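Notes follow the structure.
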Amino acid sequence: MEKDYKDTLNLPKTEFPMKANLVQKELEILDFWKTHNTYQKMQEKDKSNAYILHDGPPYANGHIHIGHALNKILKDIIIKYKSMKGFYSPYIPGWDCHGLPIEHEVDKKLGSKKGEVSILAKRTLCKEYALKFLDIQREEFKRLGVFGDWQEPYLTMSFQYEASIVREFGKFVEKGYVYKGKKPVHWCPSCVTALAEAEVEYADKESPSIYVKFKVKNTSKFKNTPLTSPLDKGGLRGVSEIYFVIWTTTPWTLPANMALSLHPRFMYRLVKTPDGELILAQDLIKNCMEKIGYKEGDYIITESVWTGSELEGIVCRHPWIDRNVETIVGEHVTLEQGTGVVHTAPGHGEEDYEMGLKYGIDIYAPVDDKGCFTEDVKDFAGQNVFKANQEIIEKLKNINALLGSAEKITHSYPHCWRCKKPVIFRATEQWFISMEKNNLRQNALDEIKKTRWIPAWGLDRIKGMVENRPDWCISRQRAWGVPITLFQCKKCKQIITDKAVIDNVVKEVEKAGADVWFEKSVKELLPEGYKCSKCNSSEFSKETDILDVWFDSGVSHAAVLEADKRLSWPADLYLEGSDQHRGWFQSSLLASAGTRGKAPYRAVLTHGFVVDGQGKKMSKSIGNVISPQEVTNKHGSEILRLWCASADYREDMRISKEILDRLVEAYRKIRNTCRFLLGNTYGFEVKSFETSASSVEPLKVKGDLLEIDRLALSMLQHLIEKVNRAYENFEFHEVFHSIYNFCVTNMSAFYLDVLKDRLYTFKAGSKERQAAQWVLYNILLALTKMMAPVLSFTAEEIWSFIPKNKEESIFLTSFPEVQPEFIDKELEKKWENLSSIRDEVNKALEIKRQQKFIGNSLEAKVILYVDEENYKILEGYRTFLPTLFIVSAAEVVKDPNHPEDSYKSPLISGMAVLIDKAQGNKCSRCWNWGITVGKYKDFPGLCARCHEVLTS
RNA sequence: GGGCCUAUAGCUCAGUUGGUUAGAGCGCACCCCUGAUAAGGGUGAGGUGAUUGGUUCGACUCCAAUUAGGCCCA
């Protein structure tokens with residue numbers, strides 16, 4: 001039996017497990033970070049060199065979903081990278097605590113008791129609810145390996161934060177932005193309350209469908225127009241009655257009709273009918289005439305045609321009210337239904353309202369909070385609007401304003417989520433922040449231009465929104481939020497804008513939270529003896545509405561960036577999903593631009609949404625939801641982190657079982673590469689190493705390196721460069737792909753494979769082997785550090801296996817920088833050729849392997865038949881070729897006439913590869929074949945090289 | 001319906017200012033190894049560049065429309 005020489009080899013040796021067992025191991029590492037205060041230690045830096053990423057607060061409701069995980073992990077990657085780059089880069093997570101969803105949950109729990117509970121008691125329940133989920137989410141975020149000051153987050157419901165909200169609101173009041181106006185909201189007449197969009201459910205409802213004509217007051221405009229078609233000899237000149245025709249399903253909104261909307265580019269035509277000359281969109285004529293009940297021949301379509309724009313500003317008369325109604329134009333008009341002429345009641349519709357604002361029309365809504373007409377509406381005062389529908393139709397019929405007869409249609413209509421009854425849209429008094437005051441809109445637009453948007457199209461998106469948005473409606477008729485802290489004089493209705501009054505409230509809120517507004521009386525909240533500056537009255541009322549929660553989070557720049565000593569203003573980066581262009585990015589911008597004239601951020605980065613493997617959005621009903629908890633429990637958070645870095649977040653990110661499986665494999669490959677590096681740096685003297693790696697004796701080490709070692713180092717520098725650039729540009733998928741490719745291609749399949757012979761069979765302390773280890777050590781350090789921001793758990797684990805005498809955590813080390821002295825362009829160029837020759841040899845070997853001529857490549861001898869040019873390339877490497885090809889022998893023959901059985905390279909002209917069996921016998925130690933095997937009596941199974949190693 | 005965005009192999013990504021037969025890794029198939037071993041190596045097969053039109057000597061790259069999808073509005 002042949003002696004086993006395995007013990008004489010330097011095989012890899014490491015305790016670092018191949019199997020990650022992430023689900024368990026991550027918990028240990030989290031514990032390590034906790035007990036060693038790793039995050040805190042990372043903050044012990046020069047604060048003047050800071051990189052501030054300001055956290056956008058998630059809503060403290062429910063468990064985190066995959067989108068939350070993506071967002072927090074991306075932030076974490078940046079924070080860790082910047083920190084390792086030497087920046088003071090703290091992360092203060094925050095939570096958005098006020099708002100409707102929490103209030104709803106509390107209402108739900110209260111059930112029938114809802115009405116009996118005081119506002120303060122309810123607010124307490126809301127607070128408890130928010131705290132509960134804050135804790136849950138905090139644990140879930142920490143479990144993902146996200147670093148941050150989790151012990152001291154910011155909460156929009158903390159006293160300090162609430163005081164900031166009141167203070168910032170006060171600034172808006174002082175500067176004159178805040179005004180009271182009317183805006184239509186969903187209103188439930190049965191519950192007598194305003195409803196938020198989320199409280200509205202859509203259900204089918206039967207409504208009347210009617211066509212109504214509006215008489216043109218002055219037809220002179222038309223008299224100058226050639227109205228008559230050749231077929232219509234009578235012409236229009238004798239006609240004095242011209243009407244616009246509208247269609248509506250809410251006759252009750254007609255008393256509030258203030259305008260008729262046309263589309264600026266649609267074509268409108270005049271139609272002669274027994275009921276007069278009607279104007280409507282030409283594409284809808286046929287349909288309307290049918291619906292109204294005319295038969296063909298009953299009406300004549302004239303040649304007269306205009307665009308909506310041409311018809312703008314025509315004065316009409318309301319069917320029965322003494323009111324002029326003008327035609328206006330808007331893009332919201334469609335040709336899907338109706339007449340192309342839209343009845344517009346700014347007090348009863350969202351688009352109508354927008355049009356009203358645009359044209360300066362009164363936002364008129366003569367309907368009270370129980371859904372009944374007010375005294376304003378003479379004929380129908382006191383009537384419920386839905387019940388009044390029929391009477392209004394009768395009225396229209398009587399005054400001959402109704403075309404055809406009323407029909408019934410069933411359509412989707414908003415209903416109250418609580419009482420399930422149909423709701424109405426009704427203008428109510430609301431508080432607004434003016435976009436025009438102090439040039440807020442323009443100022444915000446200027447700041448948008450100064451901000452770096454990543455990706456760049458973010459600028460266009462938010463710009464368009466800010467350009468077109470209406471004034472900011474900041475009031476909500478709710479309980480769970482920060483009150484609009486305004487007083488009104490009961491006598492003269494003056495709103496108090498005194499700074500002293502506001503400051504006083506801020507102080508109160510600082511002490512006791514926003515609850516104080518509801519707890520204390522007006523007198524207690526006002527400075528003592530305060531009197532109205534206008535009428536000297538001392539009787540005031542306090543506002544009961546609360547602020548829009550977007551105002552809450554919008555002022556985080558003041559409440560957190562400015563106020564928190566750990567941070568500074570403005571932030572270097574805001575990073576959220578692309579939905580926040582309308583949300584937080586905008587509210588923050590307006591809140592900051594309105595009070596400080598500047599954006600609160602230097603750069604804004606957005607990521608896409610998480611979708612399923614088909615690119616469809618995740619939804620419970622489809623059942624394609626993947627939760628972060630699921631991934632963590634099955635594969636480990638590390639895989640989720642890797643997923644965040646693997647895909648391009650600027651687009652929507654897909655996640656599926658297959659994608660995760662691929663990532664698990666990629667993870668294993670990276671892990672195993674590091675494990676091999678660890679195993680082969682075993683026994684290496686780190687200290688002497690580091691000395692010689694420093695400037696003390698660099699040349700000596702460099703001189704010991706083989707060419708392939710220097711090549712590997714050069715390749716490493718390129719990787720370092722690429723990875724640095726990718727992190728700087730926030731292109732983490734580039735980080736992942738380059739590191740991964742480096743592990744697979746440059747290391748595993750090339751350098752490490754070639755190196756095995758030297759590492760295993762050379763003497764442990766030989767300078768060749770030491771040189772290789774030195775390179776491996778450097779690669780390992782660089783790789784581990786570079787992956788740390790993404791694969792934080794694994795990097796920390798690897799770090800703990802790297803011979804010590806250094807930082808306690810990988811996150812306390814500094815990020816690898818390119819060392820230009822190790823870049824060797826010339827060498828790379830030479831090796832490009834060698835590398836492609838190696839590829840061709842592999843092809844030749846494969847053919848022989850498939851033919852069962854050889855198995856292991858060491859059984860082969862390679863003979864290269866080359867031309868002059870290739871000979872020059874190979875000449876200097878003759879002795880190294882067997883190592884490079886991982887075969888037992890290699891010859892280079894300068895002869896363009898290749899033998900028959902050889903593989904003629906299609907890629908490299910002038911080269912053929914002949915594979916022969918290696919001569920001699922297989923060395924039992926190094927497995928290379930050679931004629932020296934058997935020569936030595938003391939070790940008959942060894943080749944000369946191994947004999948030398950064992951006997952010297 | 002509107003604004004913004006996306007569409008390259010089964011998967012994740014590259015593709016320089018429009019210029020030869022569109023690249024990588026994974027996965028897959030086949031083979032080798034059994035001294036990185038629930039590892040490692042090799043070879044190979046996979047693409048009508050969403051579709052349709054246009055600009056151009058020439059388009060994955062520029063433009064338009066369509067389709068599918070995403071976010072935000074309506």
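Because the structure is a prediction, the values reported are computed rather than measured. Naming: A, B, ... by sequence-line order, numbering from 1 per chain.
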In B/S/- notation (B base, S sugar-phosphate only, - none; protein heavy atoms under 4.0 Å), nucleotides 2-9 of chain B written 5' to 3' is -BSSS---
By the Watson-Crick or G-U definition, both distances under 3.5 Å, B:A24 is matched with B:U12
In Watson-Crick or G-U wobble terms, with both distances under 3.5 Å, the base opposite B:A36 is none
When every non-hydrogen atom of A:N71 is compared with those of A:H607, the smallest separation belongs to ND2-NE2, 3.1 Å
Applying the 3.5 Å cut-off to both distances, the Watson-Crick or G-U partner of B:A7 turns out to be B:U67
In this structure, CH2 of A:W643 is separated from CD1 of A:I659 (nearest 0.5 Å) by 8.5 Å
With heavy atoms under 4.0 Å as the rule, sort A:H581 into base, sugar-phosphate or nothing.
nothing
Once you apply a heavy-atom cut-off of 4.0 Å, does A:S646 come out as touching a base, just sugar-phosphate, or nothing? sugar-phosphate
Discussion item. Once you apply a heavy-atom cut-off of 4.0 Å, does A:Q850 come out as touching a base, just sugar-phosphate, or nothing?
Written reply: base
| field | Pairwise C1' distance for B:C13 and B:U6, with rounding to whole Å | value | 15 Å
Separation between CG (A:L950) and CG (A:L942), nearest 0.5 Å, reads 5.5 Å
Answer with yes or no whether A:S748 presents, from its side chain, a donor or acceptor under 3.5 Å of a partner atom in the base of B:A36.
yes
- Give A:R925 one of three labels, base, sugar-phosphate or nothing, depending on what nucleic acid heavy atoms sit under 4.0 Å from its own. base
B:U43 -> Watson-Crick or G-U wobble partner, both distances under 3.5 Å, gives B:A29
inquiry  = Take a 6.0 Å sphere around CD of A:E15 and say whether it holds more than 12 heavy atoms from other residues, nucleotides or ligands.
reply    = no
Using a 4.0 Å heavy-atom cut-off, does A:D648 contact any base of the nucleic acid, only the sugar-phosphate backbone, or nothing at all? sugar-phosphate
Is it true that the NZ or CZ of A:K922 lies under 6.0 Å from the centre of A:W927's six-membered ring and within 45 degrees of the ring axis? yes
Any strand, both distances under 3.5 Å, Watson-Crick or G-U wobble: B:C60 pairs with none
Using the C1' atom as the reference point in each nucleotide, state the distance between B:U56 and B:C60 in Å, no decimals.
16 Å
Across every strand shown, the nucleotide meeting Watson-Crick or G-U wobble geometry with B:U55 (both distances under 3.5 Å) is none
Original post:
Which value, in whole Å, describes the distance between the C1' atoms of nucleotides B:U16 and B:A59?
Top reply: 16 Å
Glycosidic torsion of B:G54 (syn if within 90° of 0, anti otherwise) classifies it as anti
Separation of B:C72 atom P from A:H607 atom NE2, nearest Å, is 12 Å
Any strand, both distances under 3.5 Å, Watson-Crick or G-U wobble: B:G1 pairs with B:C73
Discussion item. Applying a 4.0 Å non-hydrogen cut-off, can you work out what A:K6 is touching in the nucleic acid: base, sugar-phosphate, or nothing?
Written reply: base
- Message: Are A:F432 and A:W472, when compared by the centres of their aromatic rings, separated by less than 6.0 Å?
- Response: no
List the steps, then state whether salt bridge (Lys or Arg N to Asp or Glu O under 4.0 Å) holds for A:R650 with A:E731. CA-CA 9 Å; A:R650 291 167 296 196; A:E731 290 167 343; 3.3 Å; yes
Rounded to whole Å, the CG-P distance (A:L660 to B:G27) equals 16 Å
Worksheet item: Under 6.0 Å from the NZ atom of A:K904, do we count more than 12 heavy atoms belonging to anything else shown?
Response: yes
Practice item. Would you indicate what A:G679 reaches in the nucleic acid, counting non-hydrogen atoms under 4.0 angstrom: base, sugar-phosphate, or nothing? Key: nothing
| message | Applying a 4.0 Å non-hydrogen cut-off, can you work out what A:K669 is touching in the nucleic acid: base, sugar-phosphate, or nothing? | response | sugar-phosphate
Practice item. Could you tell me whether A:R582 contacts a base, only the sugar-phosphate backbone, or nothing, with contacts defined as non-hydrogen atoms closer than 4.0 Å? Key: sugar-phosphate
### Query
Under 5.5 Å between ring centres and under 30° between planes: true for A:W927 and the base of B:G35?
yes
| task | Quick one: label A:A647 by what it contacts on the DNA or RNA (base, sugar-phosphate, nothing), any heavy atom closer than 4.0 Å. | result | sugar-phosphate
Q. How is A:L9 classified with respect to the nucleic acid when contacts are heavy atoms under 4.0 Å: base, sugar-phosphate, or nothing?
A. base
So CD1 of A:I708 and CG of A:L755: to nearest 0.5 Å the spacing works out to 7.0 Å
When all nucleic acid strands are considered with a 4.0 Å heavy-atom cut-off, which category describes A:G615: base, sugar-phosphate, or nothing? sugar-phosphate
message = Considering every strand and a 4.0 Å limit on heavy-atom distances, what is the contact class for A:E351: base, sugar-phosphate, or nothing?
response = sugar-phosphate
